[in-house]
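Convention: sequence-line order gives letters A, B, ...; per-chain numbering from 1. In what follows, every heavy atom counts, from backbone to side chain, and hydrogens, waters and symmetry copies are set aside.
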Number of protein chains: 4
Amino acid sequence: MSKGTRLRIGLVGVGRIGRMHAEIVARQVPGAELTMVYDAARDPAREVAARLHVDAAESAAELVASDRVDAVGICSSTNTHLEIIELAAAAGKAVMCEKPLSNSLAEVHRAVELVNASGIPFMTGFNRRFDPGHQAVHEAVEDGSIGNIHLTRISSRDPELPPLDYLKVSGGLFMDMAIHDFDMARYLAGPVVRVYAQGGVLIDPAIGEAGDIDTAVTVLTHANGSVTVIDNSRLATYGYDQRVEAFGSRGMASSDNRRLHYTEVTDSSGTRQQPLMRFFIDRYADAYRREWDAFTEFVAHGGPSPVSVHDGRAPVVIAEAAAESMRRGTPVEVDGALG
Amino acid sequence: MSKGTRLRIGLVGVGRIGRMHAEIVARQVPGAELTMVYDAARDPAREVAARLHVDAAESAAELVASDRVDAVGICSSTNTHLEIIELAAAAGKAVMCEKPLSNSLAEVHRAVELVNASGIPFMTGFNRRFDPGHQAVHEAVEDGSIGNIHLTRISSRDPELPPLDYLKVSGGLFMDMAIHDFDMARYLAGPVVRVYAQGGVLIDPAIGEAGDIDTAVTVLTHANGSVTVIDNSRLATYGYDQRVEAFGSRGMASSDNRRLHYTEVTDSSGTRQQPLMRFFIDRYADAYRREWDAFTEFVAHGGPSPVSVHDGRAPVVIAEAAAESMRRGTPVEVDGALG
Amino acid sequence: MSKGTRLRIGLVGVGRIGRMHAEIVARQVPGAELTMVYDAARDPAREVAARLHVDAAESAAELVASDRVDAVGICSSTNTHLEIIELAAAAGKAVMCEKPLSNSLAEVHRAVELVNASGIPFMTGFNRRFDPGHQAVHEAVEDGSIGNIHLTRISSRDPELPPLDYLKVSGGLFMDMAIHDFDMARYLAGPVVRVYAQGGVLIDPAIGEAGDIDTAVTVLTHANGSVTVIDNSRLATYGYDQRVEAFGSRGMASSDNRRLHYTEVTDSSGTRQQPLMRFFIDRYADAYRREWDAFTEFVAHGGPSPVSVHDGRAPVVIAEAAAESMRRGTPVEVDGALG
Amino acid sequence: MSKGTRLRIGLVGVGRIGRMHAEIVARQVPGAELTMVYDAARDPAREVAARLHVDAAESAAELVASDRVDAVGICSSTNTHLEIIELAAAAGKAVMCEKPLSNSLAEVHRAVELVNASGIPFMTGFNRRFDPGHQAVHEAVEDGSIGNIHLTRISSRDPELPPLDYLKVSGGLFMDMAIHDFDMARYLAGPVVRVYAQGGVLIDPAIGEAGDIDTAVTVLTHANGSVTVIDNSRLATYGYDQRVEAFGSRGMASSDNRRLHYTEVTDSSGTRQQPLMRFFIDRYADAYRREWDAFTEFVAHGGPSPVSVHDGRAPVVIAEAAAESMRRGTPVEVDGALG
């Protein structure tokens with residue numbers, strides 16, 4: 001592929017996650033090249049730009065407007081997403097936006113309007129859809145291997161408590177953490193019409209004092225009648241636990257956890273395997289790379305977005321419904337056109 | 001062990017499940033011997049008696065009263081359980097009673113009263129507690145291996161639809177099938193204080209017409225704040241799917257399905273393992289045998305019942321609450337002293 | 001099946017292994033019934049007979065001649081096998097004889113002659129052929145799943161050192177232990193034409209002083225050009241390690257070890273599974289039962305022996321060749337008609 | 001780490017494997033930077049140089065002599081290794097040389113002399129030592145987890161036949177393919193003193209006509225008395241099969257194959273996992289990266305070479321012995337100081 005035909009990407013935000021995206025785009029995506037980065041914090045932006053041989057823009061607006069930028073990756077903090085989307089929509093640039101689009105349902109609706117009105121190619125960054133294992137579950141649903149889907153089970157547990165300061169602004173467990181699982185449920189079983197959620201503080205009372213929960217169970221009812229059960233914990237001491245299972249009329253597909261290696265040591269006390277991966281960037285390294293491949297392919301060849309702006313909105317709608325269900329203690333109906 | 005010190009057991013009911021129990025007691029329980037059987041159907045009773053070299057009683061009363069019967073195994077149909085318990089309580093004979101004690105909550109309360117008043121050794125036949133794998137999960141909870149329990153996940157799916165005629169008298173999915181899982185949840189996480197359940201008809205409309213459901217999800221909240229999620233299906237075409245997982249502050253213990261053997265065939269299309277076991281008697285062969293070992297040990301040496309009459313009642317209470325939750329569409333509180 | 005059509009079996013030898021066979025035949029083989037036992041040690045014979053409701057013969061000759069005995073199971077010590085085979089051949093009774101037929105090649109040849117001349121149905125007790133997992137490997141070879149066989153790998157390691165007194169009369173590691181693996185190699189890949197073996201004393205010098213080895217590797221070349229590699233150890237401290245793998249032009253089939261249950265405990269140090277089974281009777285419980293089913297079926301319906309007297313001889317021939325190869329330090333050719 | 005302290009690496013050879021090394025050094029090794037490449041084929045060298053923002057040298061000598069090159073990576077064809085080593089030894093530059101050092105034992109001895117005389121830091125590129133799984137087996141040996149080592153098992157099978165043209169100049173299966181396994185055996189169990197090998201042509205007669213074999217079994221006896229068994233096939237149709245197992249007085253450590261993901265699909269025909277990885281660069285991606293980390297660390301901090309020039313020679317010695325053993329049909333002794 002000649003350099004000229006590669007999608008030229010400018011990235012807004014080079015914090016921990018933005019830096020990872022920058023390295024991936026610069027080095028691992030055959031169909032793309034990184035041309036520019038921007039961050040409100042100048043030094044990190046310059047450091048990343050120098051290391052990756054790209055330019056550092058002085059503002060998000062400069063980056064979006066640059067004629068060396070075909071598409072904008074949005075990896076800045078959640079509360080800035082909407083304004084960058086507005087810039088890109090105005091400039092007619094394609095967008096790959098990290099999840100969640102916004103913690104505010106009003107802003108999310110506005111993002112949908114902007115994208116629809118402008119017609120820009122838009123993809124939401126739900127990376128787990130691009131994990132080869134979870135994707136294989138999706139394929140087993142789509143190709144009929146498991147028949148009609150009846151039940152989906154998702155266990156999603158983080159290896160470490162986030163800092164309390166973060167928790168206070170995170171939007172809460174459902175918006176911050178389970179939102180990935182709400183997307184996964186939709187990816188496998190389609191639109192959601194009812195949400196039941198309950199949660200508790202079992203790990204650390206300080207989390208409760210901060211107004212959040214640390215352990216939750218959510219039951220989603222889909223438009224097709226199937227049911228998804230999600231369990232979340234903020235602290236799985238054994239690692240990053242990420243399992244997805246779809247069960248249907250003909251069988252079951254299960255995506256299991258991954259380990260760094262598969263060496264077993266067996267002695268008289270039994271057999272031991274090494275711990276699960278702990279770091280999400282390691283666990284989902286393939287997924288992040290393949291996410292950019294999908295975006296590049298989508299912008300180049302058109303067709304439906306791999307993860308549309310509507311797919312970006314629905315988990316936010318579900319997260320709000322989950323929070324409300326927990327508050328009220330009953331299931332909450334969701335508009336099927338939104339959920 | 002001399003023959004004289006073995007527990008002499010009389011079995012009431014030699015249908016499919018009673019016949020299995022008879023063979024186990026006669027042949028595989030070092031601490032017990034089968035001395036008598038009774039069934040309302042004479043021919044099967046005589047056939048079993050002849051094959052196992054034991055006597056066939058003319059009535060349940062004769063069996064319970066016999067001086068060659070130290071303990072009574074109740075494997076007859078559910079609606080006869082209470083009357084045999086009454087006979088045994090009156091005669092002061094130990095009892096091992098198949099689940100459920102009764103489909104009627106009133107009868108179950110009566111059974112508890114009878115057992116408590118008479119002081120007879122009593123065990124409820126929740127066989128899955130004696131499965132080596134599920135028991136290892138229990139031990140990991142009890143010995144602190146997983147820390148404080150936060151979440152329990154149970155998948156319990158049957159390999160074949162029961163006949164519609166059976167479904168109509170089964171008491172419904174929660175009472176007939178999920179009752180085992182309600183017991184498992186209590187075995188791992190203790191008393192239940194709240195139940196949320198929802199179900200649907202995804203497999204066969206005839207099941208709905210018969211007034212039942214075929215697919216269900218139940219969320220139990222335990223007195224200790226932990227949560228159990230159970231999913232049930234009447235038809236897992238791939239086999240008898242029986243998985244239990246407990247997650248806590250230090251780790252996770254998971255009991256996986258078993259196969260007849262562990263041969264894998266690998267070719268260019270991937271690796272194949274043989275199907276799951278389909279028949280509950282094969283899957284839980286160890287459990288049924290170990291259940292009788294536990295009963296024999298309990299009667300011989302006293303101490304708390306491995307599965308008390310209260311443990312027999314609680315899942316019935318939970319099953320009623322689950323059915324009510326599904327009808328009302330909201331969680332239902334359960335008296336912690338009963339649940 | 002009516003009692004009259006069952007194969008009536010008399011068992012010679014009720015030591016540890018004979019007792020196991022007696023219980024299996026008496027209780028778990030639908031097509032057979034145990035009618036008589038004999039052991040040179042009277043008390044054990046009477047004890048087993050009483051427990052299983054059968055007769056105790058006064059001599060092997062009486063048992064073989066009895067008109068209540070259709071088939072003779074030979075589980076007595078190896079040095080008595082030939083004489084019982086002689087009695088059975090003379091009486092025209094079917095025989096199931098434990099491995100090895102004899103430690104003496106001359107006696108083994110004589111056994112083949114007797115069986116061939118008399119035409120009695122004869123089966124050698126190589127139980128591992130009837131293990132469901134190993135059998136599935138065999139089937140994958142036979143049905144073409146793995147294509148033409150190229151390599152076979154067998155790991156066969158015992159969980160405990162035998163007593164030194166036993167080792168001195170055992171016939172040596174190749175004859176006593178690896179003989180099972182030689183049979184497995186033939187079961188999967190057919191006749192053997194060359195043997196290379198080497199061994200050492202790595203576990204306990206006393207074994208060397210007793211004239212034996214405790215660790216060995218054997219390379220068998222089959223008539224079809226494929227190669228089998230076997231490793232043996234007298235002491236796998238972690239349990240009874242029994243693995244078989246066949247590799248061919250289209251794939252690979254592997255029979256893995258079995259555990260009592262499949263519960264995993266995962267914490268920050270990794271994931272633990274319970275130890276392997278240690279006791280061969282537990283590990284091969286299915287195999288022993290299915291071996292008798294196969295014998296019963298064979299005697300009832302004719303056809304080729306599941307494990308013929310020739311199949312009983314070949315591993316003895318191979319074991320002798322292995323011992324010779326080790327002594328000489330070079331491969332040893334085997335007559336393809338015998339190996 | 002500032003740029004100044006990174007090890008500056010020049011790579012000779014940018015064919016398939018050299019290109020992979022170039023990308024790794026340029027992008028994934030924190031302690032190193034790629035500064036120059038050379039290849040006898042000019043265009044590929046320029047293309048790689050341009051893509052990775054480094055210089056292309058006009059000759060190997062220029063590269064080795066450059067003051068922007070601290071260390072030389074040798075990835076050119078095997079027959080050029082010695083001359084580059086000579087240049088590097090003369091220039092006092094550190095070397096990382098791909099396996100095998102040479103197909104000629106005389107050249108290998110000369111390489112050892114050059115390295116020893118010059119004292120340059122030298123590492124042989126046996127990448128599999130750096131695979132996390134195989135390394136965990138090594139650690140289980142070193143830290144006593146499995147006690148004293150008794151047996152090592154290695155299965156090493158390639159997913160595709162190499163072109164016949166390649167086979168004719170490859171040096172033969174033992175030198176070209178099994179050499180990795182000979183190194184692995186030494187890595188786990190130490191020096192080798194005796195080699196028995198046998199092989200055959202089971203896959204394609206053309207391989208035999210080309211003077212090679214396609215299937216082989218090798219038995220290595222180590223100085224410590226333990227034994228390694230290796231099986232090799234040129235064609236495992238199901239993928240790149242790479243398994244290593246060490247067995248000792250206290251236990252066993254096994255490094256199993258890896259898959260791209262761990263999703264299972266279960267239906268009534270059983271459970272299916274996806275195929276094994278097929279491409280060695282995918283399978284050993286971690287190993288290649290960690291190999292360069294180890295080299296960088298070694299050059300920076302001294303100490304014994306992770307894979308010394310002696311470790312590079314020994315597998316060549318063993319490969320020659322294996323070929324001789326196969327020709328002669330007997331085991332071949334190896335000088336323990338070389339093996």
Side-chain angles (χ1 to χ4, degrees), chain B residues 3 23-24 26-28 30 33 50-53 130-141 143-147 242-274 276-277 282-283 285-287 290, chain C residues 3 23-24 26-28 30 33 50-53 130-141 143-147 242-274 276-277 282-283 285-287 290:
Chain B
K3 229 171 170 175
E23 299 234 355
I24 291 171
R27 295 175 165 176
Q28 301 183 42
E33 67 178 316
R51 185 154 43 83
L52 299 177
H53 308 282
F130 302 95
D131 176 69
H134 300 345
Q135 202 166 63
V137 175
H138 176 74
E139 280 158 17
V141 174
D143 69 15
S145 295
I146 69 158
Q242 296 282 297
R243 288 172 289 159
V244 171
E245 171 185 319
F247 165 80
S249 56
R250 293 172 53 88
M252 166 171 70
S254 311
S255 175
D256 203 357
N257 283 310
R258 294 171 65 168
R259 296 170 202 268
L260 178 58
H261 63 72
Y262 291 85
T263 290
E264 295 184 341
V265 176
T266 298
D267 61 20
S268 60
S269 70
T271 296
R272 281 166 287 133
Q273 289 187 282
Q274 74 143 204
L276 297 187
M277 289 180 176
D282 292 338
R283 168 64 185 86
D286 288 344
R290 300 170 87 237
Chain C
K3 232 172 170 173
E23 300 233 353
I24 290 170
R27 295 173 166 176
Q28 299 183 44
E33 67 178 315
R51 186 151 46 80
L52 300 176
H53 307 283
F130 302 95
D131 177 69
H134 301 344
Q135 203 166 63
V137 175
H138 176 75
E139 281 157 17
V141 174
D143 69 15
S145 295
I146 69 159
Q242 295 284 297
R243 286 172 290 159
V244 171
E245 172 184 318
F247 164 81
S249 58
R250 291 172 53 88
M252 166 172 70
S254 312
S255 174
D256 202 357
N257 283 309
R258 294 171 65 170
R259 296 170 201 268
L260 178 58
H261 63 74
Y262 291 85
T263 289
E264 296 185 341
V265 177
T266 299
D267 61 20
S268 58
S269 70
T271 296
R272 279 166 286 133
Q273 288 186 282
Q274 74 142 205
L276 297 188
M277 290 181 175
D282 292 339
R283 168 61 184 86
D286 288 344
R290 299 170 86 239

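Contacts of B:R259 classified as salt bridge (Lys or Arg N to Asp or Glu O under 4.0 Å), with partners at least two apart in sequence or in another chain: none. Taking B:Q135 as the reference, B:F130, B:E139, B:Y187, B:R290 meet the side chain to side chain contact (heavy atoms under 4.5 Å, CB included) condition, with sequence neighbours excluded.
Residue C:R250 touches chain B through its backbone alone, counting heavy-atom pairs closer than 4.5 Å. Looking at B:A136, the atoms closer than 4.5 Å to chain C (heavy atoms on both sides) sit in the backbone and in the side chain alike. With a 4.5 angstrom heavy-atom cutoff, C:D131 does not touch chain B via any of its atoms.
Interface check for chain B: of the options C:S255, C:S254, C:S145, C:A246, the most heavy-atom pairs under 4.5 Å are formed by C:S254. Contact tally against chain B (heavy-atom pairs below 4.5 Å) for C:D256, C:D286, C:T266: the top residue is C:T266. Ranked by heavy-atom pairs shorter than 4.5 Å toward chain B, the options C:S268, C:A253, C:G248 are led by C:A253.
Residue C:H134 holds its NE2 atom at 11.0 Å from NE2 of B:H261, rounded to the nearest 0.5 Å. Interatomic distance, B:R27 CZ to C:L52 CG, rounded to the nearest 0.5 Å: 9.5 Å. Residue C:R258 holds its CZ atom at 6.5 Å from CG of B:L260, rounded to the nearest 0.5 Å.
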